[in-house]
Protein chains: 2
Amino acid sequence: MPTPLLQGTLDLLVLKTLSWGPRHGYAIARWLEETTGDALQIEEGSLYPALYRMERKGWIEADWGKSDLGKRIRIYSLTYEGRAQLRAELAQWKRFSAAVASVVAPA
Amino acid sequence: MPTPLLQGTLDLLVLKTLSWGPRHGYAIARWLEETTGDALQIEEGSLYPALYRMERKGWIEADWGKSDLGKRIRIYSLTYEGRAQLRAELAQWKRFSAAVASVVAPA
DNA sequence: CCCCATACCTTGATCTTCTAGGTACATACC
DNA sequence: GGTATGTACCTAGAAGATCAAGGTATGGGG
């Protein structure tokens with residue numbers, strides 16, 4: 001059974017991934033799945049629209065390039081605004097997950 | 001600035017709230033906001049549809065009653081299926097939040 | 001030659017949440 | 001009597017994101 005991503009979390013995950021350096025879409029998905037031990041499945045139908053969204057908002061920017069295998073790839077990197085956005089979403093996630101934790105596992 | 005709820009989390013929060021005993025809708029919202037120190041705002045336009053949804057699915061059931069103030073209230077309680085659902089959503093939340101944590105705060 | 005993995009893209013459906021209203025009543029206050 | 005506030009429930013429509021399910025193209029291995 002696939003676990004659907006929680007709405008709004010994908011942006012945070014992608015921004016954080018790109019904070020380690022530029023990557024192309026497919027690689028972002030693979031890296032996230034690997035890092036989370038396949039706990040998260042990044043659907044391409046969610047990823048690519050998310051990338052366009054974030055590019056439109058100025059959080060990331062893209063360039064065409066070539067992969068090691070000689071395939072054309074679209075390399076995304078974090079902008080200055082993207083780093084600010086990452087900080088904001090990180091703070092928001094901490095706040096939110098702490099709130100949920102306080103409900104599901106009360107002290 | 002209101003923090004929008006992450007999709008799918010409201011069900012978990014409501015189920016967990018009801019695991020402490022029956023409550024009516026308005027009280028569920030107040031209790032959640034209080035417990036989380038107002039970090040989460042439970043909009044009525046989200047809450048009531050969620051309650052109907054969960055009732056339709058058989059996770060909760062409702063009875064009409066009267067509040068201390070003499071107002072008609074709809075008291076919700078967890079069903080057997082609701083407890084199973086709570087366990088499932090709890091496990092899923094732990095899995096998911098751990099996955100996000102592994103991305104945003106790598107070891 | 002065929003298959004698989006890489007790599008990108010798009011459309012439409014689905015589902016939730018939120019916005020922004022609304023009703024009703026009880027209490028408190030002037 | 002009139003008004004404001006808090007309780008308590010309800011609803012329609014908009015907005016937004018994710019997902020399912022397709023599609024294209026190419027390079028390497030067998």
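Residue numbers start from 1 in every chain, and the chains themselves are labelled A, B, ... in the order their sequence lines are given, proteins ahead of strands. In this text the structure is predicted, and so the values were computed from the model without any measurement.
A donor-acceptor contact under 3.5 angstrom links the side-chain atoms of B:Glu44 to the base of D:dC9.
One atom, CZ of B:Arg53, and another, C1' of C:dC18, lie 13 Å apart when rounded to the nearest Å. Counting to the nearest Å, the C1' atom of C:dT19 and the CD atom of B:Gln41 are 14 Å from each other. Whole-Å rounding puts the A:Tyr48 OH to D:dG23 P distance at 17 Å. When rounded to the nearest whole Å, the span between CD of B:Glu43 and P of D:dA15 equals 17 Å. Distance, A:Gln7 CD to D:dA14 C1': 14 Å, rounded to whole Å. Atom OH of A:Tyr52 is separated from atom C1' of C:dC8 by 6 Å (rounded to the nearest Å). Atom CD1 in B:Ile42 sits about 13 Å away from atom P in C:dT19, given to the nearest Å. Separating the CG atom of B:Leu51 from the P atom of D:dC9 is a distance of 9 Å, rounded to the nearest angstrom.
Expressed to the nearest 0.5 Å, how far CG of B:Leu15 lies from CG of B:Leu90 amounts to 10.0 Å. Interatomic distance, CD of B:Glu81 versus CD1 of B:Ile60, reported as 12.0 Å (0.5 Å rounding). How far CD1 of B:Ile73 is from CZ of B:Arg23: 11.5 Å, rounded to the nearest 0.5 Å. In this structure, B:Gln85 CD and B:Lys57 NZ are separated by 7.5 Å, a value rounded to the nearest 0.5 Å.
More than 12 heavy atoms of other residues, nucleotides or ligands lie within 6.0 Å of CH2 in B:Trp64, so this atom counts as buried by the packing criterion.
OP1 and OP2 of C:dT16 both lie 4.0 Å or more from every side-chain N or O belonging to B:Ser46.
Under a 4.0 Å N-O distance rule, the pair B:Glu89/B:Lys94 does not qualify as a salt bridge.
Using a 4.0 Å cut-off on heavy atoms, none of the residues of residues 16-32 of chain B approach DNA chain C. Listed by residue number, the members of residues 58-76 of chain A with any heavy atom below 4.0 angstrom from DNA chain C are A:Trp64, A:Ser67, A:Leu69, A:Lys71, A:Arg72, A:Ile73, A:Arg74.
In this structure, A:Arg30 satisfies the cation-pi test against A:Tyr26, with its NZ or CZ atom closer than 6.0 Å to the six-membered ring centre and inside 45 degrees of the ring normal.
Comparing C:dT17, C:dT16, D:dC19 against the side chain of B:Leu5 picks out C:dT17 as the nearest. Closest to the side chain of B:Leu10, out of C:dT17, D:dT18, C:dT16, is C:dT17.
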Check your understanding: Checking side chain to side chain contact (heavy atoms under 4.5 Å, CB included) for the pair B:Leu51/B:Tyr76: CA distance, chi angles, key distance, verdict?
Key -> CA-CA 8 Å; B:Leu51 288 171; B:Tyr76 290 94; 3.6 Å; yes
**Study point:** Check against side chain to side chain contact (heavy atoms under 4.5 Å, CB included), B:Val100 and A:Leu6
**Key:** CA-CA 10 Å; B:Val100 173; A:Leu6 258 43; over 6 Å; no
